[in-house]
Amino acid sequence: GNNNLNAKLVLLGDMGAGKSSLVLRFVKGQFLEFQESTIGAAFFSQTLAVNDATVKFEIWDTAGQERYHSLAPMYYRGAAAAIIVYDITSTESFTRAKKWVQELQKQGNPNMVMAFAGNKADLEEKRKVTAEEARLYAEENGLFFMETSAKTASNVNDIFYEIARRLPRA
Ligand code: GTP
Ligand code: MG
């Protein structure tokens, strides 16, 4: 088969959860303490080599602010993969992430590879959501789960790599 794959990937989650920071870390290897809130959505691309294949991710980094919610379907429609992001220091962001999962389960591509990312794992002292609770939720809903930190880079490349590994091959 063809070893070069293009994959549309969308990031969804509450404002401030760290979607843009995860993308910036993955694509540019950078982190900003004062990352600006996304307006509408932003596009990035990045290529990953996985075993004998090359996956070119076409990444839509959506805006978490509620007023942009109605735009989301444009970005998740036809997406091969999604990363649903919450902030481990915010129970509201965890609740919001579960709502996104429900929406994708109802309206998204049924074969979508879904990753559940508990971001800001470096802020252990402020943790409000246990890894156990999130892992259980992810298991029950057929997502794979990782805690990440855009700040320290922990698990950031890993989550994209794991998505690439799980994408159906042509
Ligand atoms: P919207 O664009 O409004 O939806 O937000 P977002 O999900 O893109 O969040 P963004 O990446 O803008 O990050 C929000 C804030 O959290 C920024 O000040 C980041 O510096 C900070 N942040 C993001 N990821 C991490 C992380 O892993 N650890 C820590 N400590 N801070 C983080
Ligand atoms: Mg953003």
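Counting starts at 1 for both ligands and their atoms, in listed order.
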Counting only heavy atoms not in Glu66 (residues, nucleotides, ligands), do more than 12 fall under 6.0 Å from its CD?
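Enclosed.
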How long is the span from the CD atom in Glu147 to the CG atom in Asn155, to the nearest 0.5 Å?
9.0 Å
Within the stated cut-off of 2.8 Å, is an N/O/S atom of Ser37 closer than that to the Mg ion (ligand 2)?
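Looking at Ser37, which is the residue asked about, there is no N, O or S atom under 2.8 Å from the Mg ion (ligand 2).
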Would you say Ser21 reaches the Mg ion (ligand 2) with an N/O/S atom under 2.8 Å?
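Coordinating: no.
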Name the orientation class of the two ring planes belonging to Phe26 and Phe160 (parallel below 30°, tilted from 30 to 60°, perpendicular beyond 60°).
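Aromatic pair Phe26/Phe160 classed parallel.
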Using a 4.0 angstrom limit on heavy atoms, which residues are close to ligand 1?
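Answer by chain and number: Asp14, Met15, Gly16, Ala17, Gly18, Lys19, Ser20, Ser21, Phe31, Leu32, Glu33, Gln35, Glu36, Ser37, Thr38, Ala63, Gly64, Asn119, Lys120, Asp122, Leu123, Ser149, Ala150, Lys151.
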Does Lys128 make a cation-pi contact with Phe94, if we ask for NZ or CZ under 6.0 Å from the ring centre and within 45° of the axis?
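Negative - Lys128 is either too far from the ring of Phe94 or too far off its axis.
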Using residues 73-86 as the side-chain source, report each donor-acceptor pair under 3.5 Å to any protein atom, sequence neighbours left out, with the distance given to one decimal.
residue	atom	partner	partner atom	Å
Tyr76	OH	Glu103	OE2	2.6

Transitively linked via ILVMFWY side-chain contacts under 4.5 Å: Met114 with Met146?
no
Assess whether a salt bridge exists between Arg135 and Glu139, defined as any Lys/Arg side-chain N lying under 4.0 Å from an Asp/Glu carboxylate O.
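Result for this pair is no, no salt bridge flagged.
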